[in-house]
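Just below is one structure, and these are the notes that go with it.
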Amino acid sequence: MGMQFDHPSVLWVLLLFPFYIWWMWSTLYRLQSGRKQWAVAFRSTALILLVLSLAGTQWFTQLHRKSVVFAVDRSDSVKQDMKEAEWVRDAVKGRSTDQDEAGVVSMGLKASIEKPLDTRIMDGFQFNSQLNPLFSDVASGLQLASSLLPQGNSGRIVLMSDGEENVGDLMRQGMLLRDRGVKVDVVPIPAKERKDAAVEALRVPEHLYQAEAYTIEVVIRSTAAGPAQLRIFEDNRELTAQTVTLNKGENRFAIQSLAKESGFHKYRAEIFLEGDEQSANNMDYAFSKVQGPPKVLIVEGKAGISKNVEAALESALIPYDTIAPEMLSNDFVNYTRYESIVVNNVAATQMPQRKMEMIEQAVRDYRVGLVMLGGEDSYGLGGYFKTPIERALPVYMDLRGKREIPSLGIVLVIDKSGSMAGDKMKLAQEAASRTVDLLRDKDTLGVLGFDSSPHWYVEPQKLADKSGIINKINAIPADGGTEIYTAVEEAYNRLAKVDAQRKHIILLTDGQSATNQSYEALTAEMQKEHMTMSTVAIGTDADQVLLKQLAEFAKGRYYAAVDQTTIPAIFSREAVLISRTYVVNQPFVPLLKGGTDWQGILGQGLPTLNGYIATTPKEAAEVILTSPEPDPILARWQYGAGRSVAWTSDVTGAWSSQWVAWPSFSQVITQMIKWTFPQFQSSPLELSGHLAGNELMLEAKNGSLDGGGEAQPYELRAIVTDEDLGKQDVSFTATAPGEYTAQLSVDKSGVYMARTEWVAPESEASKEERVIGSSTSGFVIPYSPEYRITDGQGLSKLKQLAELTGGRMLSLEHPEEVYAFASAAQKRLTPISRYLLMAALALLLMDIAVRRVALTTGLWARSVGALRRAASAVPPQQAETPLARLRERKQLAEHKLQRKAERRPQAALSPYPRPQMRCSGQRPSSRRAARLPRHLRLPRRRRRMQ
């Protein structure tokens, strides 16, 4: 026990205290001896406490305590959470005393505190932190563990790891700990011996020309020898499959191929070894771009409706691929292979949400063009309201401030049984919310949820408060069974009372009704009320037969939502179809309104159109052709880095028979598609990525544009997109003429796309930045380095760390050895400056009280007398009346005046008696007679001075 000071130099002030006490004693001459002593004591003590407070006084006690922080590697290369937690619990049980402390830190890509450093028992300890196990940063775990140890503590860090770090620098952190005096004990976790073959590299030339022969090189590392099967894919199309013989260690194979199709291509290599115990490292990717003519992807809603478009592209010598919407790729890379994508009369219910997002992002970020051609399954009728495709097009799908639309009454009957929990209910809520946004304020909407019984979450009402209705929709829970009939009957009864020109019910369910009742009578009543009903079956467990019959009986439509993400598009489509106003069937000649670069084709007279889908042009769109309404027939705009065109009529001849027969029709179609092609000439840019830990280093080389010179101060930028469509913007830094680097953090492996562009800065003539060149490429972050076959150097690195810091090599078999080290005496500091300051303040107040308040003997006597009189006062039962108390006070006042007159008889003659004057040498007969009145006297000190 003892005291120590943060600022001991302040204590030199105490040397002046004897002089201060002497000066204070000599100046307090007015106080009597007792009060003077107390005043000097209080003030001196207060000042001493103040000096000690300023010096940062701390009270310390000696402790003999051991502190251990366990740093546990939880990356995928270890994967022994249960064993590690059990080992930590056993080690803590071996503490010598209950005062020994233990803390736990776990680490993957980042470190996290599992348990702070304290003396609590750890019998039920388990790892709870959510870490990224695809990387191992041991250095960050050691750094966090050292921060838990108090300064000057004799604690240690116990590291449990295999030493195979792939992020950070373990030995550098060890040197920092050595300088701090922190010792690191190591518990090596040896890697499990297993049979494994890994594809370490797949190499393909980054740039190829069409019909060029090239070599694919594959590097495979194996822990065992034997036959294996090697397969190579190009864009999910198998190029080769062959049996190879693997040797233990590194193996290299070369495969010859021919670049057939132009565009961007992704290659994949797979290895299959009998008895392989680790499949995560059996695959790798590579990219290559084949130079050739631009290519177009046609997506048609029904087979054969794109023959006119195909003929127009063939006449312009533009290659194309035609597919159904169900054949759209799930791989984002495949969309960047094309210069433009044509969506020909495809309903949004035929395309999952993710594929629409891929198309929208390909247009916005990778300069892929988009053309939508109309028909009865397109635009608003196709359910594209508030979809990613609508964001990319130059028109809105709803009619904003346009023609009169019949009033609508819609009831959404949504299954809320337990099977709808999770994504199903979220998509149903999104679909209902999208329907609310699509309808107008004068329309009526009701939302009826049902399980075993129906419940109204939104009573049928006008949409005056859309946000409030959406909040109610998002609060629908999912629980209970399924009973369809009572829900449909309740919806019919309430909708029959609604005053609307068009009435419609949308039923959505993923199950089967608990009872079988007659729906024919119910649907017959609906028809009498001019009411229709459409049904939506989610998944394969729904009663599809019943739902088809209900839609047929109620003159509605049946949808089988195999992909749940199409549910919002189905609801939007139904809300548009029920209005029956989006299809305009009347002959007219389109009016040319804009598009000066298309005047040569469209300015020579236009044929008649017989119909189109009504839409609303966006604010930044350029409308080329309009109808008499006026509605846009042909519109275009720039969307991000790409372009898009909207043609709201069809191309099959149903509405455009005269246009299809028009000789210039092929030119119009090709002109629309070619306008969406990328407008920047691709620069010969080579982009490569190298992974260092979780930091990706991008290197770009270009010989034609010099971004580092003063004459051409171009800036190189890039947009990087991962497989989940996550996007990062990257700016490059020039490191040499024509060479640039950039760095970004990644937390997962996979395929990445990148679009780089050269940007010229703002000039006086142009206030906007100008893109002068662009290039699309890709790179691969291979599988996590945790799955690589290593050379076993991790254990030797752990031994070096223990030797560097003076730690020990522990084993998994003896956890009790963790606390088997000598503990040094530790100081436990308790700051007391605040308490000293409070005590000094209290003493200062007592000093003031002693100097200002005089407690004389008369005062004490009067106080004691008052207490005695109070003790002998009249009992409560004989309490005086107010008049008696007033009489007593009057008598007491008269008594005081009489005593005062007896002491000073001259006061009765004059309130201010004149003092007796005397000549020099005479003495007054009485000191009291020579005294002045109290208010005319001078203070005693001034009289002494005179």
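Note: hydrogens, waters and symmetry copies are ignored here, and every other heavy atom, side chains too, is used. The first residue of the sequence shown is numbered 1, and numbering continues consecutively from there.
- We find the CZ-OG1 distance between F732 and T756 to be 6.5 Å, quoted to the nearest 0.5 Å.
- A donor-acceptor pair under 3.5 Å is absent between the side-chain atoms of E357 and the main chain of I359, judged by distance alone.
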- Does the side chain to side chain donor-acceptor pair (under 3.5 Å) test come out yes or no for Y338 and D321, once each step is laid out? CA-CA 9 Å; Y338 300 96; D321 290 331; 2.8 Å; yes
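- Using a distance-only test at 3.5 Å, with no hydrogens or angles considered, a donor-acceptor pair links the side chain of E164 to the main chain of G794.
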- Message: Quick one, E699 with Y740, criterion side chain to side chain contact (heavy atoms under 4.5 Å, CB included). Give me CA distance, side-chain angles, the key distance, then yes/no.
- Response: CA-CA 6 Å; E699 298 179 357; Y740 305 84; over 6 Å; no
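- Of the possible polar contacts, one joining the S644 side chain to the A392 backbone as a donor-acceptor pair under 3.5 Å is found.
- For K797, the salt bridge (Lys or Arg N to Asp or Glu O under 4.0 Å) criterion is met by E165, not counting sequence neighbours.
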- Decide yes or no on salt bridge (Lys or Arg N to Asp or Glu O under 4.0 Å) for E360 and R364, but give the supporting numbers first. CA-CA 6 Å; E360 184 261 345; R364 185 189 65 212; 3.0 Å; yes
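- In this view, Y285 satisfies the ring-ring contact (aromatic ring centres under 6.0 Å, His included) rule with no residue, not counting sequence neighbours.
- Of the candidates I318, V371, I298, V371 is the only one forming a side chain to side chain contact (heavy atoms under 4.5 Å, CB included) with I673.
- Ring centroids of F264 and F287 are separated by less than 6.0 Å, placing the two rings close together.
- Formation of a donor-acceptor pair under 3.5 Å by the E786 side chain with backbone atoms of S136 is found in this model.
- The cationic atom of K295 (NZ for Lys, CZ for Arg) does not lie both less than 6.0 Å from the six-membered ring centre of Y320 and within 45° of the ring axis.
- Side-chain contact annotation: T566 with T349, donor-acceptor N/O pair under 3.5 Å absent.
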